[in-house]
2 protein chains.
Amino acid sequence: MRNRINTPARLPLLSQTAEHALRAILYLGRNQGRGLIAATEVAEALGAPPNYLAKTLRLLARKGVLRSVRGPGGGFALARPATAISAAAVVEAVDEVSAPANCLLGNRGCDPQNPCEAHARWEELTRRVLRPMEDTSIADLVGE
Amino acid sequence: MRNRINTPARLPLLSQTAEHALRAILYLGRNQGRGLIAATEVAEALGAPPNYLAKTLRLLARKGVLRSVRGPGGGFALARPATAISAAAVVEAVDEVSAPANCLLGNRGCDPQNPCEAHARWEELTRRVLRPMEDTSIADLVGE
DNA sequence: TCTGTTTCGCATGACTTTATCCTAATTCTC
DNA sequence: GAGAATTAGGATAAAGTCATGCGAAACAGA
């Protein structure tokens, strides 16, 4: 049943981790007034795996998207106002957003110094794909 | 060394398989005049793993993006003119393009019948992300 | 200073994607 | 019809992502 050629892989436009991250950030954004919120509460509210979500929250904190405080009453909160956090920032903090590093004509098709035409055209396309993510803030998604 | 929390996962804006597929399609597009081209030639030209690429080409053929012929002189070629194949079509043939099925507010945040506001906003965003892929043809990328 | 709460960080296991290999099935050429 | 070339397809291995679990570190409050 594994790796059936008829069942294509899932293209993670967002990886599972990034999806968790966005959900968590949105939850924190909607509850911004309440200050710090514990990872377990977020996980329960989203129905996400608690341990893994906690790890993702830590990662977001380390990348400066969230702030975190340990100990009783501690938890996580947005490091900046929701208007100042783009969807792209969240995704990039968690996954390494990588448009294909190598030329689309193949590794041997062109070199970076003297890129082929398809190279430039592909870069332009990836920019157009990523831009909406950069232009959309958490506040936009939450709707404030 | 595995799963270090400091080394974020790669976000496959394109999965590896989709990347191979696009490269292969572009190669076939540029060599359209030559008729059928063997999988081994494509793999060598791109520096891609031959066996896996062959499997991906077969998948593209089954999905109707490529046509294939067996036996000596056989190989693969575009099933339609390069202007009639979108980048999105290639990616979708290989990976299951799936925006998050569940609401961004969390599985328990809203139900499909009565979707929340973030739900609609997220759908709008994913549309904007995918559109450039749909609007760009293989011919556009190759530059004809 | 003790105790409970909560983040931090590593080790490990389960599952998915990527890649390899081998054996058919098909088709051209001689 | 024999033999070589080439796609088709399944079984299996390797690598990566996703998820779990546990102990340590930090912190607040009594």
Side-chain angles (χ1 to χ4, degrees), chain A residues 1-12 14-21 23-24 28 35-44 46-63 66-77 79 91 94-96 98 100, chain B residues 1-12 14-21 23-24 28 35-44 46-63 66-77 79 91 94-96 98 100:
Chain A
M1 184 68 79
R2 189 103 47 98
N3 196 18
R4 293 228 13 247
I5 197 165
N6 284 331
T7 44
R10 167 191 151 90
L11 169 74
L14 261 40
S15 73
Q16 194 61 42
T17 306
E19 212 172 307
H20 285 151
R23 288 211 181 97
L28 292 175
L36 295 163
I37 295 180
T40 53
E41 178 187 330
V42 179
E44 187 166 359
L46 307 186
N51 289 339
Y52 193 60
L53 182 71
K55 183 176 283 194
T56 302
L57 290 177
R58 268 176 263 147
L59 183 53
L60 287 167
R62 193 173 323 157
K63 290 295 179 73
L66 297 179
R67 65 191 175 88
S68 64
V69 175
R70 294 206 234 189
F76 296 88
V91 174
V94 161
D95 289 332
E96 181 177 0
S98 62
Chain B
M1 184 68 79
R2 189 105 47 98
N3 197 19
R4 292 226 13 248
I5 196 167
N6 285 331
T7 45
R10 170 190 149 91
L11 169 75
L14 262 40
S15 72
Q16 193 63 43
T17 307
E19 216 174 287
H20 284 152
R23 287 211 182 98
L28 292 175
L36 295 163
I37 295 179
T40 52
E41 177 186 328
V42 180
E44 188 165 0
L46 307 186
N51 289 337
Y52 193 62
L53 182 72
K55 188 171 280 196
T56 302
L57 291 176
R58 268 178 261 148
L59 183 54
L60 287 167
R62 192 173 324 156
K63 290 296 180 71
L66 297 180
R67 65 192 176 87
S68 65
V69 175
R70 293 204 237 193
F76 296 88
V91 173
V94 160
D95 289 332
E96 181 178 0
S98 61

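Computed from a predicted structure; not experimentally measured. We name chains A, B, ... by the order of the sequence lines, and we start the count at 1 in each one.
Remark: P of D:dT7 and CG of B:Leu28 are 11 Å apart, rounded to the nearest angstrom. Regarding B:Glu41, its CD atom lies at a distance of 14 Å from the C1' atom of D:dA5, rounded to whole Å. Rounded to an integer number of Å, the gap from A:Leu36 CG to C:dT7 P is 9 Å. Atom-to-atom, CD of A:Glu44 to P of C:dT6 comes out at 13 Å; the value is rounded to the nearest Å. The distance between atom CG of A:Leu66 and atom P of C:dC8, rounded to the nearest whole Å, is 10 Å. Residue A:Tyr52 contributes atom OH, which lies 15 Å from atom C1' of C:dT12 at whole-angstrom precision. The interatomic distance linking B:Arg67 (CZ) with D:dT7 (P) rounds to 13 Å, in whole Å. Straight-line distance from the CG atom of A:Leu60 to the P atom of C:dT7: 13 Å, rounded to whole Å.
The B:Ser15 side chain lies nearest to C:dT18 when the options are D:dT20, C:dA19, C:dT18.
B:Ser68 is linked by a side chain to side chain donor-acceptor pair (under 3.5 Å) to nothing, counting only residues two or more places apart in sequence or in another chain. Every side-chain contact (heavy atoms from CB on, under 4.5 Å) that A:Ala39 has, sequence neighbours left out, goes to A:Ala54, A:Leu57, A:Phe76. For A:Pro49, the side-chain contact (heavy atoms from CB on, under 4.5 Å) partners two or more places apart in sequence, or in a different chain, are A:His20, A:Tyr52.
The shortest heavy-atom contact between A:Ala24 and A:Leu53 is CB-CD1, 4.1 Å. Contact between A:Val94 and A:Ala18 at its shortest, heavy atoms only, is CG1-N, 3.9 Å. Here the shortest heavy-atom pairing between A:Leu60 and A:Ala21 reads CD1-CB, 3.9 Å.
One finds a side-chain N or O of A:His20 lying less than 4.0 angstrom from the OP1 or OP2 phosphate oxygen of D:dA19. Side-chain nitrogen and oxygen atoms of A:Ser68 include at least one within less than 4.0 Å of the OP1 or OP2 phosphate oxygen of C:dC8. Remark: B:Arg62 is not in phosphate contact with D:dT7, judged by side-chain N or O atoms under 4.0 Å from OP1 or OP2.
The CG atom of B:Leu46 sits 11.0 Å away from atom CD of B:Glu19, with the distance rounded to the nearest 0.5 Å.
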Pick out the pairs of N or O atoms, protein on one side and nucleotides 22-28 of chain C on the other, that lie under 3.5 Å.
residue: C:dA25; atom: N3; partner: B:Arg70; partner atom: NH1; Å: 3.1

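Within 3.5 Å, no donor on the side chain of A:Lys55 pairs with an acceptor on the base of D:dG21, nor the reverse.
Counting any heavy atom pair closer than 4.0 Å across all strands shown, B:Ala39 reaches sugar-phosphate atoms only and no base atom. Backbone-only contact: B:Thr17 has heavy atoms under 4.0 Å from sugar-phosphate atoms and none from a base.
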